[in-house]
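Just below is one structure, and these are the notes that go with it.
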Amino acid sequence: SDSIPILENFDFKPLDEFSFKIQKNNLHNSINNLYSYTLEYSANNSVDIANLKTNIEEALSQVWAGEIENDGYNKLLLSAHINIRQIVIIRSYGKYLRQLGLGYSEEYFQQALINYPDIVQDLVSLFETRFALNNNSIAQRNALANDIKKRLLKSLITVKKIDHDRILRNFIAAISATVRTNFYQVSPSAKIKSYCSFKIQSGDIEDAPQPRPYVETFVYSPRVEGV
C-alpha cells in the first residue's frame with residue numbers, strides 16, 4: 001500500500017500485483033517480501049521504458065528511501081524526459097514561487113509544467129547552463145543562457161491558459177534571478193547534499209511581493225523549506 005502512491009506520482013497505473021516471500025539460506029528470520037507489479041503508463045506521449053529503465057529505478061529507489069519527495073512533480077521524469085535530480089531543480093523553484101504567494105495550488109503548478117514538457121526541458125537547461133560545473137566562462141554562460149531564455153519566452157506562445165503562462169514566466173524569472181546555488185556541491189564523503197540553497201534577486205521577479213529585498217536565500221529539502 002505504501003508503494004502504490006509512489007508509482008501513481010510517476011504517472012503509472014498499477015493493473016495487478018503479485019507478492020512472493022523470499023527466504024535466504026533456509027533462515028526463517030531472513031524472510032522478505034518481493035512485489036511484482038504490472039504497470040500502465042497512461043500519458044499521451046510515447047515513452048521508451050527500456051531506455052529509461054535505469055533512470056526510473058534510481059528515481060523509485062530515492063523516493064522510497066525518503067531522499068526525494070513523493071509528489072506530482074515526479075511525473076516530469078517520463079513526460080519531460082528529465083532525471084530525478086533535475087526534477088529537484090523544478091520542484092525547488094515551484095516551492096519558492098508558491099511562497100511568493102502566486103495563489104495557485106501545488107497541483108496546479110505541477111499541471112502547468114506537465115502540460116509543456118519542452119518548456120520544462122528548457123527550464124532545466126537554463127539552470128544547468130548558468131550553474132553546472134564546467135569550463136565555460138561567465139560570458140559564455142550568459143550568452144548561452146540568454147539564447148535559452150529567448151527560446152523559452154518565444155515558446156510561451158503555445159501556452160493556452162493565462163494562469164499557466166503566468167506560472168511558467170515566473171519559473172523563467174526565478175531561475176534568471178538566481179545568482180548563486182549550492183546545487184552542485186557535495187559532502188566531504190562525495191555524496192549529493194540533502195538540501196539545496198538558492199540566492200535569488202527577488203527584485204527581478206515581477207510577481208514577488210513588496211517590499212522586495214535585494215537578495216534572499218531559499219533553502220529546500222524534502223524535510224524543510226523556506227526563505
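Counting begins at 1 with the first residue of the sequence.
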Using a 3.5 Å distance criterion without hydrogens, assess whether the side chain of R212 forms a donor-acceptor pair with backbone atoms of E206.
yes
Let me see the working for L60 and L7 under side-chain contact (heavy atoms from CB on, under 4.5 Å), right down to the final yes or no.
CA-CA 8 Å; L60 290 170; L7 294 169; 4.0 Å; yes
Would you name the heavy atoms of I6 and N70 that are closest together and state the gap between them?
CA-OD1, 3.4 Å
Polar side-chain atom of R141 near backbone of A132 as donor-acceptor pair, under 3.5 Å:
yes
Exceeds 12 heavy-atom contacts within 6.0 angstrom, atom CG of L15:
yes
Distance col, row F12:CZ vs L77:CG, nearest 0.5 angstrom, shows 8.0 Å
I'd like to know if the side chain of S202 reaches the main chain of P213, judged simply by a donor and an acceptor atom lying under 3.5 Å from each other, with no hydrogens or angles considered.
yes
Quick test of your reading: applying ring-ring contact (aromatic ring centres under 6.0 Å, His included), list the pairs with at least one residue in residues 94-122, sequence neighbours left out, ordered by first then second residue.
Y96-F218, Y104-Y108, Y108-H164
Is there a path of hydrophobic side-chain contacts, each under 4.5 Å between heavy atoms of I, L, V, M, F, W or Y residues, that connects W64 with L52?
yes
With ILVMFWY side chains joined below 4.5 Å, transitively, what does Y195's cluster contain besides itself?
V219
Please name the pair of heavy atoms, one in G66 and one in P222, separated by the smallest distance, quoted to 0.1 Å.
O-CB, 4.1 Å
So SG of C196 and OH of Y184: to nearest 0.5 Å the spacing works out to 10.0 Å
Check the hydrophobic clustering (I, L, V, M, F, W, Y; side-chain heavy atoms under 4.5 Å; chains of links allowed) and say if I192 and I68 are grouped together.
no
Enumerate donor-acceptor pairs with a distance under 3.5 Å from any side-chain N or O in residues 167-178 to protein atoms, sequence neighbours excluded.
| from | atom 1 | to | atom 2 | distance (Å) |
| --- | --- | --- | --- | --- |
| R169 | NE | D165 | OD1 | 2.5 |
| R169 | NE | D165 | OD2 | 3.4 |
| N170 | ND2 | R166 | O | 2.8 |
| N170 | ND2 | D207 | OD2 | 2.8 |
| S176 | OG | I172 | O | 2.8 |
| T178 | OG1 | Y93 | OH | 2.6 |
| T178 | OG1 | A174 | O | 2.8 |

Calculate, to the nearest 0.5 Å, the distance between atoms NZ and CD belonging to K199 and E216 respectively.
12.0 Å
Would you please test L76 and V120 for side-chain contact (heavy atoms from CB on, under 4.5 Å) and show each step?
CA-CA 8 Å; L76 296 171; V120 172; 4.1 Å; yes
Are V179 and L144 in one and the same hydrophobic cluster, where Ile, Leu, Val, Met, Phe, Trp and Tyr link if side-chain heavy atoms are under 4.5 Å apart?
no
Kindly say whether the aromatic ring centers of F127 and F183 come within a distance under 6.0 Å.
yes
Starting at CG of L126, measure out to CD1 of I119 and round the result to the nearest 0.5 Å.
12.5 Å
Would you tabulate the side-chain donor-acceptor contacts of residues 150-157 under 3.5 Å, counting partners in other chains and residues two or more places apart, or write 'none'?
| from | atom 1 | to | atom 2 | distance (Å) |
| --- | --- | --- | --- | --- |
| R151 | NE | D122 | OD1 | 3.4 |
| R151 | NE | D122 | OD2 | 3.1 |
| R151 | NH2 | D122 | OD1 | 2.9 |
| S155 | OG | R151 | O | 3.4 |
| S155 | OG | L152 | O | 2.6 |

Distance (rounded to the nearest 0.5 Å) between K160 NZ and N115 CG:
9.0 Å
Measure across S194 and S221 and return the closest heavy-atom pair with its distance rounded to 0.1 Å.
O-CB, 3.3 Å
Identify whether F131 and L133 are in the same connected component of the hydrophobic contact network (ILVMFWY, side-chain heavy atoms under 4.5 Å).
yes
Taking atom types as modelled and ignoring hydrogens, do the side chains of N9 and N74 form a donor-acceptor contact shorter than 3.5 angstrom?
no
Salt bridge (Lys or Arg N to Asp or Glu O under 4.0 Å) pairs touching residues 73-96, sequence neighbours excluded, are E69-K95, D71-R91, K95-E106, K95-E225
Could you name each residue pair satisfying salt bridge (Lys or Arg N to Asp or Glu O under 4.0 Å) that touches residues 185-194, not counting sequence neighbours?
none
Can you check whether E57's main-chain N or O pairs, donor with acceptor, with S61's side chain at less than 3.5 Å?
no
Go through the steps to decide whether T217 and V227 satisfy the test side-chain contact (heavy atoms from CB on, under 4.5 Å), and finish with yes or no.
CA-CA 6 Å; T217 300; V227 175; over 6 Å; no
Tell me which one of I89, L113, D118 satisfies side-chain contact (heavy atoms from CB on, under 4.5 Å) with L123.
L113
Heavy-atom pair with the smallest gap, counting every atom of I4 and P14:
CD1-CG, 3.8 Å
Between OG on residue S79 and OH on residue Y41, distance to nearest 0.5 Å:
5.5 Å
Considering all heavy atoms, the nearest N134-N136 contact
OD1-N, 3.0 Å
Looking only at atom types and distance, does a side-chain atom of E58 sit under 3.5 Å from a main-chain N or O of N55, one as donor and one as acceptor?
no
Taking every non-hydrogen atom, the tightest pair across S197 and N182:
N-OD1, 2.7 Å
